[in-house]
Amino acid sequence: MPTTLTAPEGKALYRIPEAMTLLSLSRSVIYEQIRAGRLRTVRQGRTRLVPDAAITAYVTLLEHETQKGGTR
């Protein structure tokens, strides 16, 4: 019986340095977007985490702004 290996699913939560890598943004830009309410985060103790869905939503937001000609 052949077995197939599937790629592991993405993580549900990313630390800020991981989000920086995924979005190709600097730490300061990430925190600026968080303060502006454009990138949603959650807290676990003292750790700030970015949900996978928030990264997807942020990319979608950028795509919509590009289509509308937005600059932010």
Side-chain angles (χ1 to χ4, degrees):
M1 169 187 247
T3 59
T4 55
L5 298 175
T6 58
E9 291 187 33
K11 294 169 64 171
L13 298 169
Y14 295 95
R15 292 179 180 270
I16 295 300
E18 294 171 320
M20 290 168 49
T21 300
L22 286 170
L23 294 170
S24 299
L25 298 173
S26 69
R27 179 178 298 275
S28 61
V29 171
I30 290 283
Y31 280 107
E32 179 181 306
Q33 297 304 299
I34 292 168
R35 280 190 297 277
R38 294 166 52 85
L39 180 60
R40 188 173 50 83
T41 62
V42 296
R43 301 280 310 218
Q44 174 59 45
R46 294 177 59 188
T47 305
R48 183 176 297 275
L49 300 165
V50 183
D52 181 56
I55 290 175
T56 302
Y58 180 72
V59 172
T60 301
L61 173 68
L62 293 176
E63 289 173 341
H64 286 309
E65 288 177 351
T66 299
Q67 290 172 358
K68 292 181 180 180
T71 58
R72 264 190 100 191

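FYI, the numbering just counts along the sequence from 1.
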### Task
Taking all non-hydrogen atoms of both residues into account, name the closest pair between Arg40 and Ala53 and its distance.
NH2-CB, 4.1 Å
### Summary
Interatomic distance, NE2@His64 vs CG@Leu62, rounded to 0.5 Å, equals 10.5 Å
### Message
Working to the nearest 0.5 angstrom, can you tell me the gap between Leu25 CG and Gln33 CD?
### Response
7.0 Å
#### Entry: Arg38 to Glu65 - nearest heavy-atom pair and separation
NH1-OE2, 2.7 Å
### Message
Taking the side chain as everything from C-beta on, heavy atoms only, tell me whether Arg48 gets closer than 4.5 Å to Ile34.
### Response
yes
### Message
Let me confirm one number: the OG1-CD1 distance from Thr60 to Ile55, rounded to the nearest 0.5 Å.
### Response
12.0 Å
### Task
Apply the test side chain to side chain contact (heavy atoms under 4.5 Å, CB included) to residues Ile30 and Val50: give CA-CA distance (whole Å), side-chain angles for both, the deciding distance (0.1 Å), then the verdict.
CA-CA 10 Å; Ile30 290 283; Val50 183; 5.5 Å; no
#### Entry: Trace of the side chain to side chain contact (heavy atoms under 4.5 Å, CB included) decision for Ile16 with Tyr31
CA-CA 9 Å; Ile16 295 300; Tyr31 280 107; 3.4 Å; yes
### Task
Work out which heavy atom in Pro51 is nearest to a heavy atom in Val42; give both atom names and the distance.
CG-CG1, 4.1 Å
### Query
Do the non-hydrogen side-chain atoms of Leu61 and Leu39 ever get within less than 4.5 Å of each other?
no
### Task
Check whether Leu13 and Val59 end up in the same hydrophobic cluster, where Ile, Leu, Val, Met, Phe, Trp and Tyr are linked by side-chain heavy atoms less than 4.5 Å apart.
no
### Task
Check step by step if side chain to side chain contact (heavy atoms under 4.5 Å, CB included) holds for Leu49 and Arg43.
CA-CA 6 Å; Leu49 300 165; Arg43 301 280 310 218; over 6 Å; no
